[in-house]
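The structure appears right after this line, and notes come after that.
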Amino acid sequence: MPDIGYLSLWIALLSSIYALIAFVVAINTKNKTAFKAAKGGVAATCFSVVLASLILIYLLVTSDFSVKYVYEYTTTDLAFLYKISAFWAGNGGSLLLWALVLGIYTAMVSFAGKIKDDQPRVSRVSSILLINFIFFLGGAMFLSNPFERMAIIPPEGYGLNPMLQNIGMIVHPVTLYMGYVGLAIPFAFAMTSLMLKKTDDSWIKLTRNWTIMAWLFLSLGNLWGAQWAYVELGWGGFWAWDPVENASFMPWLVVSAFLHSVMIQERKGMFKMWNIILIIIAYWMTLFGTFLVRSGIISSVHAFPNTGLGIWFATFMFGMLAWSLYLLIKNAKVLKPQNEFETTVSKESSFMLANILLLAAAFMVFWGTVFPLTSELFTGVKKTLTTDFFNATAGPIMLSTVALMGVCVLIPWRKSTTASLLKSFTIPGVAALAALAYMVYAGISKPMALIGFTVVAFVVTSTLTEFVRGAYARHKITGENIITATGRMLIRNRRRYGGYIVHLGIFMMTMGVLGQLYKTEKTVTMNAGETINVSGYQVTFNGLQQGKEGLNETVFASLGVVKNGQSIGDLKPRVIYYPNKEDPHSEVEYKSTPREDFYVMLGGYENETNASFQFHINPFIWWLWMGAYVIVAGAMLALWPGKGRSALQPSGN
Amino acid sequence: MKKNTKVMIGALVVVAAIAYLFVSGFTGNTSIHVNLKDLVANPTAYDGKYIQTEGKLVNGSTSWDSKKIELRFLVSDGEAKLPVLWKDIKPDNFSGDVIVNISGRYKAGQEFLVDTLLTKCPSKYEGTKKDFK
């Protein structure tokens, strides 16, 4: 069976090369037969990479330890779902996952959709995607083969890292890859558009859903990574500005900018070159991310140990960058803008500002990530930038972006007077001042908190007034009751209100982030029977007990936690002992409310009546997770197929 | 003034503000990577500097004071040995052959009080654990 798996990889590789060659022939000779043959190659590629993946899953699930990958990442007693998710636990499997997603996407582009018979387009787009496929699959097959055999078949596997035995392992890598790989498609269409010297924005229209979907998956990937860090790593935080976290955040920022500036290209024919540059950057960053994890060039919690893939990916990465820039410069003429800025303060200038801010944030993060390399290159001394750098630079920029989001919605597409603009600021302005007054009254004094929450109050109010204004206008015109009017308004303008809902989600997440300004932490050793005060919570340690989790021994603490006379539960932070690992693995316990999270980790113990604990009180974390789900809901609304999604209606004012 | 020009000037102002933010972000936020060997050989050269270094945990050198919440241990590159103090609970995989990555403001002549402690397993992708103060 493993041999069939490896054979399938070979078939996939050869089919993809065959398809690529056939497409190139079709491009040069315009031959229809070559085109059909190429598409056949794509189908064979997709089929064989899917087959290889299914075989790997089969090997993992049946614990075939003759295969090194299965030995390295599973044991027979591993839960079923984790046996499957072990697919992407290692370097080779994760590369195969990338190739799998890419293979399926390439087949979708070649066979489905409106353009499947558009030979010039499909040939070029598919060729670009196939080149990507060949590189990723080739990397897996020759430098990190997931089907490699063991010399001797061991009786039991080594096992999956306990940190990976979390639901995050099942969803985080897959959604992230679907996001990363999804960006290859608008990139391929953009390059094709340049090659065909098209002056229109058809490439944007054709890939709009792919881009939103990729953005949505990147959002989910980032969200689930953060949640996983929070519940699994035990340090009470959710984001550490680790290089690989940054690698999935930067494309998200760039694509967020892209999703907005394409609206300007659509309506006003501006920002054409800028949009191509953005998609090149976004795509390049997906390659950069994969390069970072596998090259060993930067130390990170996520990195695979030295895999020999550094040079392979560096070559591909810089090669694609050089080629796309060459195409851009060569065809710059077709990207002339059709309009100018209508007024200084206009939708297009505020979108441009949004782009500047988002790209600036991405730049800060990028610089901070590669600083160990650049500092060594230019000064000979290797330095790192601490998390404070990122918080001090990207933080204010992102808060400014949030503020801009609340201002932007109030700026109409058409020309308007300064007076009417300021009038629309009134209600949000009042809300902001009220929030500020309340905070001062409540004794909040940290400047960042005062500014931050005031901004949140402003932007939430301004966005909600858009909903209210729109629903009320519809209700007046159609006579529908306000609820029906609101519902119909949302459904008939899905792009617009989907986007606004995404914005509301971001505001909620901002609250979660700002809450960190007031987090508290306490590390303490307690004796059984003792009660201590942790930020208003009365915590009683009732001793340690032994337990079992699956086949693993555990030691858990019993903590009674009371706040304001009410018990919030009997928390059991614990350590789990795994047979193959020398050290136990801690599992945190936490109770979450919209106000704050009570979070505790068992740090170590002398005997069953004496143990050390680390407590974290994290205000507003609940809003961080909820906000992310609201973002997902908004994006799904925007993506919902059917009528009512096309035009961007001018606002009522 | 043309509309385009006004917008461009506005954009330049914003970019200048961002550039200022960027440059000021470096102050006090860089940590220098130092070889353990260098650090132990030239402690005064790094006195007062915020540094990051790495080495193997010396087996048996760990001492944990649960009352004071103080973890003391030695980090070594095979020859040089550095005494380290971490005022927090012991991280998860803190034994055997583990590689420890530490950062903090170094003071010559004292044990190194660190505010970041990262553990890495040398052999396979065992992953790493990050601990922060």
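So that the names make sense, note that chain A is the first sequence line, chain B the second, and so on, each numbered from 1. Keep in mind that this is a model prediction, so the values were computed, not measured.
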Next on the checklist: Between Tyr50(B) and Tyr106(B) (judged by ring centroids, cut-off 6.0 Å), do the two rings come close enough to count as a pair?
Outcome noted: no
Does the side chain to side chain contact (heavy atoms under 4.5 Å, CB included) test come out yes or no for His33(B) and Ile51(B), once each step is laid out?
-> CA-CA 6 Å; His33(B) 279 239; Ile51(B) 60 160; over 6 Å; no
Atom pairs and distances, side-chain donor-acceptor, residues 347-363 of chain A, under 3.5 Å, sequence neighbours left out:
{"from": "Lys347(A)", "atom 1": "NZ", "to": "Cys408(A)", "atom 2": "O", "distance (Å)": "3.2"}
{"from": "Lys347(A)", "atom 1": "NZ", "to": "Ile411(A)", "atom 2": "O", "distance (Å)": "2.8"}
{"from": "Glu348(A)", "atom 1": "OE1", "to": "Lys268(A)", "atom 2": "NZ", "distance (Å)": "3.4"}
{"from": "Glu348(A)", "atom 1": "OE2", "to": "Lys268(A)", "atom 2": "NZ", "distance (Å)": "3.4"}
{"from": "Glu348(A)", "atom 1": "OE2", "to": "Glu342(A)", "atom 2": "N", "distance (Å)": "3.0"}
{"from": "Ser349(A)", "atom 1": "OG", "to": "Thr344(A)", "atom 2": "O", "distance (Å)": "2.6"}
{"from": "Ser349(A)", "atom 1": "OG", "to": "Ser346(A)", "atom 2": "N", "distance (Å)": "2.9"}
{"from": "Ser349(A)", "atom 1": "OG", "to": "Ser346(A)", "atom 2": "O", "distance (Å)": "3.1"}
{"from": "Ser349(A)", "atom 1": "OG", "to": "Ser346(A)", "atom 2": "OG", "distance (Å)": "3.3"}
{"from": "Ser350(A)", "atom 1": "OG", "to": "Ser346(A)", "atom 2": "O", "distance (Å)": "3.1"}
{"from": "Ser350(A)", "atom 1": "OG", "to": "Lys347(A)", "atom 2": "O", "distance (Å)": "3.0"}
{"from": "Asn355(A)", "atom 1": "OD1", "to": "Trp274(A)", "atom 2": "NE1", "distance (Å)": "2.6"}
{"from": "Asn355(A)", "atom 1": "ND2", "to": "Ala257(A)", "atom 2": "O", "distance (Å)": "3.4"}
{"from": "Asn355(A)", "atom 1": "ND2", "to": "Phe351(A)", "atom 2": "O", "distance (Å)": "3.1"}

Chain A shares the most heavy-atom pairs under 4.5 Å, among Ile18(B), Val34(B), Val14(B), Leu21(B), with Leu21(B)
Pair count under 4.5 Å, heavy atoms only, with chain A: among Ser103(B), Ala17(B), Ser66(B), highest is Ser66(B)
Given a strict heavy-atom distance threshold of 4.5 Å, which part of [X] is in contact with chain A: side chain, backbone, both, or neither?
X        : answer
Val15(B) : side chain
Ile32(B) : both
Val7(B)  : both
Phe26(B) : both

The interface call for Val524(A) against chain B, heavy-atom contacts under 4.5 Å, is backbone
Cut-off 4.5 Å, heavy atoms of chain B, and the answer for Asn391(A) is neither
Pair count under 4.5 Å, heavy atoms only, with chain B: among Phe389(A), Tyr605(A), Phe390(A), highest is Phe389(A)
Tested for side-chain contact (heavy atoms from CB on, under 4.5 Å) against Val84(B), the lone hit among Leu113(B), Val100(B), Ile102(B), Leu117(B) is Ile102(B)
Notebook entry, point to check: Do Arg72(B) and Glu70(B) sit within salt-bridge range, that is, some charged N less than 4.0 Å from a carboxylate O?
Noted result: yes
Does the plane of the ring in Tyr230(A) sit parallel, tilted or perpendicular to the ring in Tyr599(A)? Use 30° and 60° as the thresholds. tilted
If only side-chain N and O atoms count, and only distance matters, is there a donor-acceptor pair under 3.5 Å linking Asn527(A) with Thr609(A)? no
